[in-house]
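The next block holds one structure in the form of structure tokens; read it before the comments.
Please read all numbers here as calculations on a predicted model, not as lab measurements.
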Amino acid sequence: MSIGKEEWQLEERRLQHVLTEMNEAISELSKQLSTQGEDLRIWRGEFWEDVTVNMATAEDALETVASITQQAQVMSEQERRQERDRRRFHVLKRMVKSPYFGRVDFTEAGETDKEEIYIGIASYFDEKTDAHLVYDWRAPIANMYYDGMPGPVEYETPMGTVQGTMHLKRQYLIKDGKLLSAFDMDAVIGDTILKEVLGQRSDTQMKNIVATIQAEQNRIIRDDRSKAVFVQGAAGSGKTSVALQRIAYLLYKHRSWLSHSQVLLFSPNPVFMSYVSNVLPELGEENIKQTTFQKYAEHRLGNAFRIEDAFDQLEHVLTHESDPSLPTRMSGIWYKSSIRFFHLLQGYKQWLEQGGMQFRDIVLNGRVLVSREQMEERFYTHAPDAKLASRVQMMRAWLLDELERLAEQFIWDDWVGEEVEFLEKEDYYQAYKSSIWGDPDPGEHHKAESTLRKKVVRQRFAPVRKQVKQLAFVDVYGVYQQLFVEGMVERFAKREDIPTDWPNICAYTRRRFQEGTIPYEDITPLLYLQELIYGVRRYMDIRYVLIDEAQDYSPFQLQVMRTLFPMAKLTVLGDWNQAILPHQTRQSGLEQMTGLFAEGEVQQYEMNRSYRSTSQIVAFTRELLTDAKSVTPFNREGPLPVVRKLAAPEDLARKLHEDIAAIRAEGYESLAVICKSHQECLQTYAQLQGHVPITLVDKEDQELASGVVILPVYLAKGIEFDAVVIYNFSQENYSRVSDRKRLYTACTRAMHRLFLYVQGEVSPFLAQVGPNKFTWM
């Protein structure tokens, strides 16, 4: 309900007061930052002038170290203060455009004074009046705004529950410091404001949603009690936004002990990482650690083999549907992604404690220093009752001792003498300086030569020692491939626990490794086996792990993450209607993943309301799936999706030109042509190049281009566009059971307009959509 004229005037005066105070603060911070920058420059230039270096005695050395430490601490404190002020400056610069978005009038139980609580993206405290002009949306008192309605309310604080009465709840739309609208509400977010926000055009970076957080989203954001939070969210329900706001809330609530470096977000791809990179800084928080599972695996496994990624795997499946080897690969993908295979590797590890470990010869200059046979014999005879990882560490220590002993035997080899001749003059000087202090004699010359030879041997042994320290003497790849020798698994697993086509899976796996490639489905098992052999690496400092697009992860991957981050609380957000990777085409999903946790550890949430797309697009897309009928649209209207028939391939550029012009006439800019595969993208891009200004998005891209882009469906996940064109919506392209979710995923990227281009016979999936849900053109 819109407010009256008198209230409007009061709100405008209040807004102007807040803006005046904030602008004064911005001006003051700007001066401080300028002064701090100059002070730091002077401090760095004069750092050593204020330090007296004296290492003559132990006491003098301690005084020198203390002086340096004191100066460094002062400078470090100055840098921290400058960084804090810089973040505050940027937050206020953003806030001054829209200082707050909500207000709650509240009287605490037992009190008579009514407090007007204005809520924005950050707090603003007026030190002159000792009053909060704006409360941070994450503050406990702000929770009333998201969950409460006028009447009796309560909210939780670190000191306990506060009860009272909410007299008013009001929402504002403020742009560039001007009050555009204000509504009193008896619900969480007024439709008028939300429509305004959702109706805006898309961007190459995600916006924060703190002004429009819904009650169901707020509960997820503020759930800090559950060990694991699992969210099944419909396309466009705000899962990624909720994940980022949840991070911001946790950093705010636990700022006394939680830092941004203790929170880790697993993202689906680099483009997505760039897309969400601006949200936390807009809220005054530093960006957290962000990676993909692929990057983590590549870091741990090294570069001995080419490591296939999830997109290569899916591209192979999409473009080799007639390949007779595909059923074997699919069977291997399903099995290697399962918890059953996770348990099989644990059994394999126990078997390896009795035999079967493989090692690499340690070689220097073509000479085997320690053979794999020597290592295998010692591994199984020395401390045979020790665990596998413990024995590997004992082997490491023994090998380092052996290398020290063997190095002595090389000192007088001919090749060492030859390399001595190529040393730098400084090396000679240091060697002779260390050995000749009095009158030279032949013995001293021999000592100097010995010093030089030792230096050469140390240099040549250094990379060998480094490899041993990194446990490279263990042939992890060989141990893993050994698993796929026929007859191996029967030694430690029941035959009924492995697939019936296991021999074919073994042959396929061995062939791919012989070609120098690790298939994507083997990355996680190989990574886990390496952890079992080396000793599981646990990242104890990570306290929160968030996994977005969780439907892309297998139960095996999730189990490995639990192992790697034992101290972390887990937040898993996904939409199993968008599960398009090959391992998800059999029984999988939310229930299987939540089953990995003990009873009472998991809190499950559902987000069934879609805010991204218009009602017409949601009505169309939910009928593409048999289990998406529960998705409800937000009440935002738009044109019906359009199915366009292309008579010939050359019609593509002309139709696309027409649709680009149409969306731009409506004030929109971003349009995505979404293809089923990257191969199809390349073919379509070649047709459009020179006719339509369009950018091809590749999996290697780090940022999302603006304007018109073309990309495969698996790179579009998690991103939204003003308009979407589904290319080749034909029976040939979209007719298989597995194609349903790919089509649904692609269509749900559209915010305002959806076009489906058909060449040939239309996809049979259109037949299950009501004829009033789309229009032909």
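- For Q603, the side-chain contact (heavy atoms from CB on, under 4.5 Å) criterion is met by D223, S226, Y605, not counting sequence neighbours.
- Between the side chain of N728 and the backbone N or O of C675, no donor-acceptor pair lies under 3.5 Å.
- For the salt bridge (charged side-chain N to carboxylate O under 4.0 Å, His left out) test, no residue two or more places apart in sequence or in another chain qualifies with D323.
- Taken to the nearest 0.5 Å, the CZ atom of F565 stands 6.5 Å off from the CD1 atom of I542.
- Nearest heavy atom pair, residue V229 against residue I220, reads CG1-CG2, 4.3 Å.
- Every residue was checked against the salt bridge (charged side-chain N to carboxylate O under 4.0 Å, His left out) condition with R225, not counting sequence neighbours, and none meets it.
- In this structure, OH on Y757 lies 10.5 Å from CE on M777, to the nearest 0.5 angstrom.
- R306 and D312 are joined by a salt bridge, as a carboxylate oxygen and a charged side-chain nitrogen come within less than 4.0 angstrom of each other.
- A search for salt bridge (charged side-chain N to carboxylate O under 4.0 Å, His left out) contacts involving D522 returns K336, not counting sequence neighbours.
- For A653 against V692, the heavy-atom pair with the smallest separation is O-CG2, 4.0 Å.
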- Task: Evaluate side chain to side chain contact (heavy atoms under 4.5 Å, CB included) for L573 paired with F230, printing each intermediate quantity in order.
- Result: CA-CA 6 Å; L573 308 100; F230 277 76; over 6 Å; no
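- In this structure, L625 and K741 have side chains that are in contact, with non-hydrogen atoms separated by less than 4.5 Å.
- At a threshold of 4.0 Å, the pair E315-K699 does not count as salt-bridged, since none of the basic side-chain nitrogens sits closer than that to a carboxylate oxygen.
- Proximity of Q759 to S730: side-chain heavy atoms (C-beta onward) are nowhere separated by under 4.5 Å.
- Put simply, the side chain of K773 never gets that close to the backbone of I617: no donor and acceptor are under 3.5 Å apart.
- The cationic group of K676 lies under 6.0 Å from the six-membered ring centre of Y734 and within 45° of the ring axis, placing it in a cation-pi geometry.
- Although no hydrogens or angles enter the test, the distance criterion places no donor-acceptor pair under 3.5 Å between the side chain of S337 and the main chain of W334.
- The shortest heavy-atom contact between S613 and T748 is OG-O, 4.1 Å.
- Taking 4.0 Å as the cut-off between side-chain N and carboxylate O, E531 and R300 count as a salt-bridged pair.
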- Chi angles and distances behind the side-chain hydrogen bond (donor to acceptor under 3.5 Å, both in side chains) call for Q294, E298: CA-CA 6 Å; Q294 182 75 18; E298 289 173 352; 3.1 Å; yes
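- Residues L581 and A310 share a closest heavy-atom pair of CD1-CB, 4.2 Å.
- Proximity of a side-chain donor or acceptor of Q217 to a complementary backbone N or O of Q214 within less than 3.5 Å is detected.
- Atom OG of residue S331 and atom CG of residue D501 lie 3.5 Å apart, to the nearest 0.5 angstrom.
- The side-chain contact (heavy atoms from CB on, under 4.5 Å) check on R664 picks up I660, E669, V708, with sequence neighbours excluded.
- R562 places no side-chain N or O within 3.5 Å of a backbone atom of L558 that could act as its donor or acceptor partner.
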- Please report the C-alpha distance between H260 and K289 in whole Å, then the side-chain angles of each, then the deciding distance to 0.1 Å, and finally whether the side chain to side chain contact (heavy atoms under 4.5 Å, CB included) criterion is met. CA-CA 7 Å; H260 66 283; K289 293 179 179 178; over 6 Å; no
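- R740 places a side-chain N or O within donor-acceptor distance of the main-chain N or O of L624, the cut-off being under 3.5 Å.
- The shortest distance between side-chain heavy atoms of P712 and E680 does not fall below 4.5 Å.
- Atom CG of residue D739 and atom CG of residue N733 lie 7.0 Å apart, to the nearest 0.5 angstrom.
- Between D575 and Q232, some side-chain heavy-atom pair lies under the 4.5 Å cut-off.
- When atom types are taken as modelled, the side chain of Q768 and the backbone of E623 share a donor-acceptor pair closer than 3.5 angstrom.
- A salt bridge links E308 and R329; the closest N-O separation between the charged side-chain nitrogens and carboxylate oxygens is under 4.0 Å.
- In terms of modelled atom types and a separation under 3.5 Å, the side chain of R612 and the main chain of A750 share no donor-acceptor contact.
- Counting heavy atoms from C-beta outward, D548 and F266 have side chains that stay 4.5 Å or more apart.
- Ring geometry for F311 versus Y714: interplanar angle under 30°, hence parallel rather than tilted (30 to 60°).
- In this structure, I674 and V725 have side chains that are not in contact, with every pair of non-hydrogen atoms separated by 4.5 Å or more.
- Using a 4.5 Å cut-off on side-chain heavy atoms (C-beta onward), R222 and Q245 make no contact.
- The CG atom of L756 lies 9.5 Å from the CH2 atom of W776; values are rounded to the nearest 0.5 Å.
- Ring geometry for H316 against H320 counts as parallel: the plane angle stays under 30°, on a 0 to 90° scale with 60° as the upper cut.
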- side chain to side chain contact (heavy atoms under 4.5 Å, CB included) evaluation trace for V263 with R543: CA-CA 6 Å; V263 184; R543 297 307 175 90; over 6 Å; no
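- Expressed to the nearest 0.5 Å, how far CE of M751 lies from CD1 of I663 amounts to 11.5 Å.
- With respect to D722 and R753, no salt bridge is recorded, no charged nitrogen being found less than 4.0 Å from a carboxylate O.
- At a threshold of 4.0 Å, the pair D552-K717 counts as salt-bridged, since one of the basic side-chain nitrogens sits closer than that to a carboxylate oxygen.
- Shown here are the ring pair (Phe, Tyr, Trp, His ring centres under 6.0 Å) partners of F341, two or more places apart in sequence or in another chain: Y335.
- E521 places a side-chain heavy atom less than 4.5 Å from the side chain of Q313.
- The minimum heavy-atom distance linking L570 with I547 is given by the pair CD1-CD1, 4.0 Å.
- In terms of heavy-atom proximity, Y296 sits nearest to L527 at CE2-CD2, 3.7 Å.
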- Message: Assess the residue pair K239 and E549 against the criterion (salt bridge (charged side-chain N to carboxylate O under 4.0 Å, His left out)); give the C-alpha distance rounded to whole Å, side-chain angles, the decisive distance to 0.1 Å, and a yes or no.
- Response: CA-CA 9 Å; K239 296 181 297 298; E549 299 292 338; 5.7 Å; no
- Message: As a quick check of understanding, evaluate side-chain hydrogen bond (donor to acceptor under 3.5 Å, both in side chains) for D224 and Y544, giving each step before the final call.
- Response: CA-CA 10 Å; D224 196 28; Y544 287 93; 2.7 Å; yes
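- Remark: side-chain polar atoms of Y146 are not paired, donor with acceptor, to backbone N or O of R219 under 3.5 angstrom.
- The aromatic rings of Y611 and F634 lie tilted to each other, with the angle between the two planes from 30° to 60°.
- Here the side chain of Q731 pairs no donor or acceptor atom with the backbone of S763 at under 3.5 angstrom.
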